[in-house]
**Q** 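Have a look at this one before I ask anything.
Here, residue 1 is the first one in the sequence, and each next residue gets the next number.
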Amino acid sequence: MIAGFVDGSGQKDVLIGVSARPGQWVSGICTDRCWPCSQLNPPLPSPNDDWVSLPGDIRPHCQRVGAFAFLDGSYDAALFLPLEPGPYTAKVSGLDGTGVGLVELYDADPDPLTSTCNLSNISTRGEVGTKAQVLIAGFVIEGDVPKQVLVRGIGPRLADFLVADTLADPFLQLLKEASPEALWVASNDNWSDNPNAADIVTLGASVGAFDLVAGSRDAVILTWLEPGNYTAKVSGVGETTGVALVEVYEVR
């Protein structure tokens, strides 16, 4: 599993965690994982295998940003460090095989709402299966005003970047977390079918997203969202499977 993110205009503290906690109603978890985190240039510190091996206690940082606590003796992995502006990639692999895991990225600045630097883009690339094995990305919009976001489920376009076994026809759903169940916000199958396809092209270029081929089966949602917790799900039309990329860009 490969997660990417972009740090905007200044240094920012980030908390990165990889978890596969038993008892979270997720089956097939990978019980031990390694977290190599690297920037294209220069490289970042060494990978982390077990969060307890980190210098200092990471648990207060988890509590401060609202992350669930790591269990004593677990093999979950984590990093807490300041990052300079730029694009970053974090790769997750299992030390004892394969399985389902959760990769998280938190803005860990002391007061993110007053910070002059935002995380402007987050993404995850992974295998899309069927039923519970679809690709799921969550994100949180903080503050008290709506934000315009560009959410993309990319499959066919990845082949142009030499990614093998890509998902031929992604279907993208956007949900807002609400009690007792998630609320549907929007969905898309083929991005060119959007009535705002021209805006998707223009605004995608403005936030640094790579271009899409007109008429491709990649999926995109461009919308305004109120503050809250959201989930983007990428599945294959007709229960097809393959590698896909889910991306979330802050537009304005």
Side-chain angles (χ1 to χ4, degrees), residues 1-7 14-21 24 26 28-30 33-40 44 47-48 65 67-68 76-79 83 86-94 98-107 118-141 149-159 161-167 170-175 177 182 187-188 191 204 207-210 212 218-221 225 229-236 241-250:
M1 182 162 57
I2 301 175
F5 57 97
V6 177
D7 184 7
V14 299
L15 172 68
I16 307 170
V18 183
S19 181
R21 292 181 60 188
Q24 297 298 305
V26 178
I29 62 172
C30 186
R33 60 208 62 253
C34 177
W35 179 283
C37 181
S38 62
Q39 188 182 22
L40 297 179
L44 284 179
N48 175 251
V65 300
F68 56 74
D76 302 308
L79 287 173
L83 295 179
Y88 293 85
T89 300
K91 297 180 180 180
V92 181
S93 58
T98 61
V100 178
L102 174 67
V103 54
E104 300 177 297
L105 171 69
Y106 292 91
D107 184 338
N118 291 330
L119 294 170
S120 59
N121 162 236
I122 56 174
S123 64
T124 301
R125 196 189 90 185
E127 293 278 352
V128 176
T130 60
K131 298 180 173 60
Q133 305 300 317
V134 299
L135 187 60
I136 302 174
F139 60 98
V140 179
I141 295 179
V149 298
L150 181 70
V151 185
R152 311 202 308 177
I154 307 298
R157 184 71 168 88
L158 291 181
F161 297 101
L162 305 181
V163 177
D165 301 321
T166 57
L167 185 64
F171 181 71
L172 176 63
Q173 299 179 76
L174 183 59
L175 307 170
E177 293 184 21
S187 60
N188 178 251
W191 77 273
V207 297
F210 58 78
L212 299 178
D218 301 296
V220 180
I221 295 170
L225 297 177
N229 300 339
Y230 293 87
T231 300
K233 295 184 178 181
V234 178
S235 58
T241 62
V243 178
L245 174 72
V246 55
E247 304 175 294
V248 182
Y249 293 89
E250 179 184 3

**Q** Which heavy atom of L172 sits nearest to which heavy atom of G153, and what is that distance?
**A** CD2-N, 3.9 Å
**Q** Given side chains that start at C-beta, do those of R152 and Y249 come closer than 4.5 Å, heavy atoms only?
**A** yes
**Q** Heavy atoms, side chains only, cut-off 4.5 Å: are L245 and F161 in contact?
**A** no
**Q** For the residue pair L167 and G236, what are the closest heavy atoms and their distance?
**A** CD1-CA, 3.9 Å
**Q** So which of V163, L212, T166 actually passes side-chain contact (heavy atoms from CB on, under 4.5 Å) with I154?
**A** L212
**Q** Any non-hydrogen side-chain atom of V207 less than 4.5 Å from a side-chain atom of E250?
**A** no
**Q** What is the minimum heavy-atom distance between V134 and G129, and which atoms define it?
**A** CG1-O, 3.8 Å
**Q** Please examine the side chains of E247 and F210, heavy atoms only from C-beta on, and report whether any two atoms are closer than 4.5 Å.
**A** yes
**Q** Return the minimal non-hydrogen interatomic distance between T124 and L135, and the atom names on each side.
**A** O-CD2, 3.8 Å
**Q** Hey, what do you get for CG (D165) to CD (E127), rounding to the nearest 0.5 Å?
**A** 7.0 Å
**Q** Quick check: closest heavy atoms across P170 and V234, and the distance to 0.1 Å?
**A** CB-CG1, 4.0 Å
**Q** From L225 CG over to Y230 OH, what is the distance, rounded to the nearest 0.5 angstrom?
**A** 4.5 Å
**Q** Where the side chain of N188 meets the backbone of I221, is there a donor-acceptor pair that is under 3.5 Å apart?
**A** no
**Q** Looking at CG of L175 and CG of N229, how far apart are the two atoms once the value is rounded to the nearest 0.5 Å?
**A** 12.5 Å
**Q** Whether the side chain of N121 engages the backbone of V248 through a donor-acceptor N/O pair (distance < 3.5 Å, no angle test) should be reported.
**A** yes
